[in-house]
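Keep in mind that the numbers below use all heavy atoms, side chains included, and drop hydrogens, waters and symmetry copies. If you read the sequence from its start, that first residue is 1, and numbering goes on from there.
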Amino acid sequence: MYAANIRLDKQTSSSKQTQSTRDAARDVGTITYAKHRQVPGYLWPRYISDLWDPTGDTDDPYVDMDSSKQSFYPKPTVAEISYFKASEDYKSGKVTLPLAELSKAPGLIKTYVGYQTEEPDVVSGLGVKEARDKFGETAEYAQIKEASLAAFASEPTVNYVEFKETKALDAPVTEFVRINMKEGGGKSMRDYYALVIQLHMMLEGTIELRGDSWAEIIGKPDVWHGILGWTTVKAHWDAVTVGSLKEHLNRMKEIMDFWIVHAELKAYSG
């Protein structure tokens, strides 16, 4: 199962652009300029646009939504993404996840749950939070965790990702992607994140796509996570197995490993 709590992170940090980043950006033909924000634990890329000065001297438009300044991108939300193999009791409906109790957690906006398409025994879910907090250290969280154990047939795997936006979760099918460099290559994802940005740009305009967002997994700087919304699983594979998207992905796969699953998520409504 996938489970995620998405939280709004108010962290701030100075922007920084490295020469290697600019070189990587220039190496991918369609990219003119790449700017990123360096924050402890993750890297937030800046997408390429004619709105920005290619010299890198533009003020960072990453501002609070209640600011009087123009914001090209909203504050990102932090997704707590977990997945686990469902127990027989959960699959039969004898036990459920304590979503009603979880929905009362401070700042929680929305929770999603659904089975993975590739592994029907594995459940996926996400929840949207408006602020990062220490809810995981409270007695209430301990009770929710205890109440969830009967649904687990495996220890949940959990990652935290700060996404620019999460509309892909409301699509009929959500694709979950993890990308990391192949072993022995001597390079990090930060050396090649311009390839991920180019993938994002190439996906724009894809008819069956319902949004995509990419970022580093917090605390794992060499692993990137993406969420992509599609009308169907078939629509995803049809889009990326022909033409320039196929060529670009093949280029990425020469130096990167991909992990991909899909889930039909349903928002918890109480």
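- Residue Glu183 qualifies as open at atom CD: its count of foreign heavy atoms under 6.0 Å is 12 or below.
- For the pair Glu264 and Pro172, the minimum side-chain heavy-atom distance is 4.5 Å or more.
- A salt bridge is absent between Glu254 and Arg251: the closest approach of a Lys/Arg side-chain nitrogen to an acidic carboxylate oxygen does not fall below 4.0 angstrom.
- Closest of all the heavy-atom pairs between Met181 and Lys187 is CG-O, 3.6 Å.
- Open room surrounds CD1 on Ile207; 12 or fewer heavy atoms of other groups in view lie less than 6.0 Å from it.
- Here the straight-line distance linking atom CG of Asp257 with atom CZ of Arg178 works out to 11.5 Å at 0.5 Å rounding.
- You'll find the side chain of His236 reaches within 4.5 Å of the side chain of Val240, heavy atoms only.
- For the pair Lys182 and Lys253, the tightest heavy-atom approach, listed with the atom from each and the gap, is CE-O, 2.9 Å.
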*May I have the step-by-step check of side chain to side chain contact (heavy atoms under 4.5 Å, CB included) for Leu199 and Met252, ending in yes or no?*
CA-CA 9 Å; Leu199 175 60; Met252 294 179 70; 4.2 Å; yes
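- Between the side chains of Glu208 and Thr231, at least one donor N or O lies within less than 3.5 Å of an accepting N or O.
- Residues Val122 and Val261 fail the side-chain proximity criterion, which asks for heavy atoms closer than 4.5 Å.
- In plain terms, the two heavy atoms of Phe84 and Ala151 that are nearest each other are CE1-O, 3.5 Å.
- Of the inter-residue distances, the one linking Asp222 atom CG with Ile179 atom CD1 reads 12.5 Å to the nearest 0.5 angstrom.
- Using a 4.5 Å cut-off on side-chain heavy atoms (C-beta onward), Met189 and Pro221 make no contact.
- In this structure, Gly229 and Ala171 approach most closely via the heavy-atom pair CA-CB, 3.5 Å.
- The shortest distance between side-chain heavy atoms of Trp224 and Asn180 does not fall below 4.5 Å.
- Tested against Tyr112 for a side chain to side chain donor-acceptor pair (under 3.5 Å), the candidates Thr174, Thr166, Asp170 yield a single pass: Asp170.
- Under the 3.5 Å distance criterion, the side-chain polar atoms of His225 are matched with a main-chain donor or acceptor of Val177.
- Between the Thr206 side chain and the Leu209 main chain, no donor and acceptor come within less than 3.5 Å of each other.
- The distance from atom OH of Tyr90 to atom OH of Tyr115, rounded to the nearest 0.5 Å, is 5.0 Å.
- Atom OG1 in Thr157 sits 13.0 Å away from atom NZ in Lys85 (nearest 0.5 Å).
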*Show your working on side chain to side chain contact (heavy atoms under 4.5 Å, CB included) between Leu97 and Phe152 and close with a plain yes or no.*
CA-CA 9 Å; Leu97 292 170; Phe152 301 158; 4.3 Å; yes
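- At a threshold of 4.5 Å between non-hydrogen side-chain atoms, the residues Ile227 and Phe163 count as touching.
- Between Leu228 and Leu203 there is a side-chain heavy-atom pair separated by less than 4.5 Å.
- Here the side chain of Glu216 pairs no donor or acceptor atom with the backbone of Ile218 at under 3.5 angstrom.
- A distance of 4.0 Å separates CD1 of Ile217 from CG of Asn159, quoted to the nearest 0.5 Å.
- Proximity of Glu175 to Val233: side-chain heavy atoms (C-beta onward) are nowhere separated by under 4.5 Å.
- A donor and an acceptor atom, one from each side chain of Asp212 and Trp214, are located under 3.5 Å apart.
- A cation-pi arrangement is absent between Lys110 and Tyr268 under the rule of less than 6.0 angstrom and at most 45 degrees off the ring axis.
- Across all their heavy atoms, Pro98 and Ser148 have their closest contact at CD-OG, 3.2 Å.
- In this structure Lys145 satisfies the side-chain contact (heavy atoms from CB on, under 4.5 Å) test together with Tyr141, sequence neighbours excluded.
- Distance CG/Asp89 to OG1/Thr96: 11.0 Å, rounded to 0.5 Å.
- Lys164 approaches Ser213 most closely through the heavy-atom pair N-OG, 3.2 Å.
- Linking Ile, Leu, Val, Met, Phe, Trp and Tyr whenever their side-chain heavy atoms come within less than 4.5 Å leaves Leu249 and Val242 in two separate clusters.
- A donor atom on one side chain and an acceptor atom on the other are not found under 3.5 Å apart for Gln116 and His262.
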